[in-house]
Number of protein chains: 2
Amino acid sequence: MNKKRVTVVEIAQAAGVSKSTVSLVLQNSPLVNEATRAKVTAVIRELGYVYNRGAANLRQSGSNSKIIGLVVNDLTNSFFAELAVGVDMVVQSAGYVQFLSHTGESPDRQREVITSMREHGISGLIVSPARGTQAIDLKPLIASGIPVVATVRNVAGAKVSSLMSDNHGGAMAAVEHLVALGHHRIAFLGGFADTGVFTERYQGYADALQRAGIVLEEALIIGSAPSRAGGVDAIMRAMQLADKPTAALCFNDAVAFGVCDGLRAQRLEPGADFAVIGFDDVIEAKSAVPALTTVSVDPQGMGQKAAQLLLKQINAGQPEAEAIVSSVRLVVRESCGATKQGEQRRITG
Amino acid sequence: MNKKRVTVVEIAQAAGVSKSTVSLVLQNSPLVNEATRAKVTAVIRELGYVYNRGAANLRQSGSNSKIIGLVVNDLTNSFFAELAVGVDMVVQSAGYVQFLSHTGESPDRQREVITSMREHGISGLIVSPARGTQAIDLKPLIASGIPVVATVRNVAGAKVSSLMSDNHGGAMAAVEHLVALGHHRIAFLGGFADTGVFTERYQGYADALQRAGIVLEEALIIGSAPSRAGGVDAIMRAMQLADKPTAALCFNDAVAFGVCDGLRAQRLEPGADFAVIGFDDVIEAKSAVPALTTVSVDPQGMGQKAAQLLLKQINAGQPEAEAIVSSVRLVVRESCGATKQGEQRRITG
DNA sequence: CTGTTAGCGCATTCAC
DNA sequence: GTGAATGCGCTAACAG
């Protein structure tokens, strides 16, 4: 029952014209008679012809496959799922299809899927590199002239465009927001100073305080595990200070949730009695504490930007040789409106 | 800088052999001398040759593109994200790549992406149909001999394999679980009797009761909106009965969460004072109430099964003409261990 | 074991 | 406007 694919020749014969005429019709060329065009399109529909992009692409000898690759390290994380949706949106409307693969943080798997994608002739690649990705992993790809953009994490030494969140700017925005609300004793809670992300966020916090003319107090910087439990721990310690803070910027959302837990344990209502802002790294589901202000990067927006950047490079023909960093700005988002996010998710029926 | 792709001829010349020899090497044919093989592979690596699957596939004229398509209606829903991961796993290890597209419940978009995938010569398709998908949408695809398997929802009238959750069996399992725990006044809360899903689950509930020799009481069937608020409403009404239930099977997880809310409002601890089981449709995030028993289908497992089913059909060459229903069994999962699911999700650093 | 020949389905010159 | 050739990168038959 495995029917062979209908080809141009067959529809040419059926329509009583030549193959090239059919080809012209397929490309909407104006050099073809209206009558013949109608005839041809009719036959095409009738015989159920489908365009063979592979063959077409082969003939044009330039890699114009109209397919882009997207490789993420953890699709299970809703951040990346949304990123993929964003990419898919712009990619789809540009007439491309997307290869999507999941590496599960394995550089080996990543190498495999990337070569596989190359064999299929992708015209561009968006990658959220697995931990431990080396520049050499992307080297042959970019050497062959295929545009690559890295998201979320960048690859040291690789000459690719990178799209990352502006942690520094986001932290500054958060602090400025709190200052505008009248706070001047603002703690920085959670995380350990051993990651680049921590440094960026902490530096933004420090810079914003300085700009606001507030002196930074070491006592208000309280490190902890970047988890919910860590957050509880951090706020507990903060509230034992003689001169308590009135607000806190948390290293990430898990910490922020923990901080809220800790506050409630002390009969304080987060948002009312004590302001808390967390970076939204999508570690914790939002629905549990809807009344939390977060600093976040919109994953779909990031995906769209990445795709646009990639398409621009594809169309330019000349991928950027230099690594450019186009950062997605984090924004302070007041989410106290208790968005009923859960309501719109369902799979049944 | 857009380097042309290296071809077999070039590496043939460089290695001082003919193209077919190279071809044989590429296919790991045993008909080639060890020495020449070594020479050829060396040159291949040196020149950075990449296999052109498009051309190969063209020559073999049979659709053996080694790519499968996956179209989901809402990748934003973690259920589908996990499904995609499951599909990707088996597809990857079978040497395939996956086209992934997102329809956002739009049948039009779905038609577009499917044709696009067809043009690229997919050798199989897994689809979670958008609401409103007609059999005619899949007709041309299956007519061309490309295996299709539908997941989660099936398409009425389309002769495709479908993979759906066993709502009936899941409900029975849940009730049996409760009966084993000693309950005999078990309510069925939430949902409206206007969907197929409701009917299936309700029927499973009824059948299990009968099997356990418990007479079904109309009063214990309390419909409501399939939402958290609906759950609160339902349990409130249930607890006003003269003869109160001691356990409840909820139409979905949102309802279950609402039921828990309602119980707490009455100073009852879910799981301890009153047993509640919910179908896990991933409507509500789990982290909020970790101590809830759910009946759920593992999305990754479902994805894997779908992919396996598809690959089997692809390899058989003869896609099933008849629609077969291979159901994924829902299982009762005791999650009172307070799984710290949030901890393992992070994107930073 | 290795080289030669002939297409796969399509788009692109060129003639007509 | 339309038809006849040619080649994209590769594999499948055969010949050597």
Side-chain angles (χ1 to χ4, degrees), chain A residues 2-41 43-44 47-67 118-123 144, chain B residues 2-41 43-44 47-67 118-123 144:
Chain A
N2 219 328
K3 285 177 190 162
K4 267 178 48 89
R5 221 161 148 157
V6 185
T7 77
V8 270
V9 242
E10 303 181 45
I11 87 107
Q13 289 173 338
V17 294
S18 109
K19 325 154 193 190
S20 20
T21 309
V22 179
S23 186
L24 291 178
V25 171
L26 290 176
Q27 304 169 76
N28 279 314
S29 168
L31 319 170
V32 64
N33 196 338
E34 254 327 305
T36 37
R37 171 188 305 283
K39 174 69 179 165
V40 170
T41 45
V43 177
I44 283 182
L47 297 197
Y49 166 80
V50 302
Y51 187 77
N52 187 334
R53 244 167 233 282
N57 189 47
L58 183 57
R59 181 58 181 84
Q60 305 172 158
S61 91
S63 319
N64 176 34
S65 60
K66 289 290 193 180
I67 112 174
R118 274 190 65 177
E119 293 184 354
H120 282 282
I122 52 172
S123 31
S144 72
Chain B
N2 220 327
K3 284 177 192 162
K4 268 178 49 89
R5 218 158 149 158
V6 186
T7 77
V8 270
V9 246
E10 302 181 47
I11 86 108
Q13 288 172 338
V17 294
S18 107
K19 329 159 193 187
S20 19
T21 309
V22 179
S23 186
L24 290 179
V25 171
L26 290 175
Q27 304 170 73
N28 278 315
S29 169
L31 321 170
V32 64
N33 193 339
E34 255 325 306
T36 37
R37 173 190 302 284
K39 173 71 180 163
V40 170
T41 44
V43 177
I44 282 181
L47 298 197
Y49 166 80
V50 302
Y51 186 76
N52 188 332
R53 244 165 233 283
N57 189 48
L58 181 57
R59 186 53 183 62
Q60 308 173 156
S61 92
S63 320
N64 176 34
S65 59
K66 288 289 191 180
I67 111 174
R118 273 191 69 181
E119 293 185 353
H120 282 282
I122 51 173
S123 31
S144 72

Task: Nucleotide nearest B:A56 (side chain, heavy atoms from C-beta), chosen from C:dG3, D:dC10, C:dG9 - done: D:dC10

- [ ] Check the distance between C:dA11's P and A:N64's CG and give it to me in whole angstrom.
- [x] 11 Å

TODO: Tell me which nucleotide among D:dG1, C:dG9, D:dG3 gets nearest to the side chain of A:N33.
DONE: D:dG1

Task: Side-chain donor/acceptor of A:S65 to backbone N/O of A:G121, under 3.5 Å - done: yes

Task: B:Q27 side chain, from C-beta outward: closest of D:dA12, C:dT4, D:dC10 - done: D:dA12

- [ ] Nearest 0.5 Å please: distance from the CG atom of A:N52 over to the CD atom of B:E119.
- [x] 9.0 Å

TODO: Looking only at side-chain atoms of B:L31, point me to the closest of D:dT2, C:dT2, D:dG3.
DONE: C:dT2

TODO: Please state how far atom CG in A:L24 lies from atom P in C:dA11, giving the value in whole angstrom units.
DONE: 9 Å

Task: From D:dC10, C:dC8, C:dG3, nucleotide with atom closest to B:V8 side chain - done: D:dC10

Task: Side-chain N or O of B:S18 closer than 4.0 Å to phosphate OP1/OP2 of C:dT2 - done: no

Open item on the list: Looking at A:R37 and A:V22, would you say the former's side chain and the latter's main chain have a donor-acceptor pair under 3.5 Å?
Closed with: no

Open item on the list: Working note: B:Q60 + B:N64, criterion side chain to side chain contact (heavy atoms under 4.5 Å, CB included); need CA distance, chi angles, decisive distance, verdict.
Closed with: CA-CA 8 Å; B:Q60 308 173 156; B:N64 176 34; 3.7 Å; yes

- [ ] Output the single nucleotide from D:dG9, C:dC10, D:dA12 whose closest atom is nearest the side chain of B:Q60.
- [x] D:dA12

- [ ] Could you pick out which residue, B:A55 or B:T36, lies toward the 5' side of DNA chain C when each is mapped onto its nearest nucleotide?
- [x] B:T36

Open item on the list: Let's test your reading of the model: under 3.5 Å, does the base of C:dA11 pair with the side chain of A:S20 as donor and acceptor?
Closed with: no

- [ ] From the options C:dA11, C:dG3, D:dT11, select the nucleotide whose nearest atom is closest to the side chain of B:T21.
- [x] C:dG3

Task: Which nucleotide in C:dT12, C:dG3, D:dC10 has an atom nearest any side-chain atom of B:N52 - done: D:dC10

Open item on the list: Once you apply a heavy-atom cut-off of 4.0 Å, does B:V9 come out as touching a base, just sugar-phosphate, or nothing?
Closed with: nothing

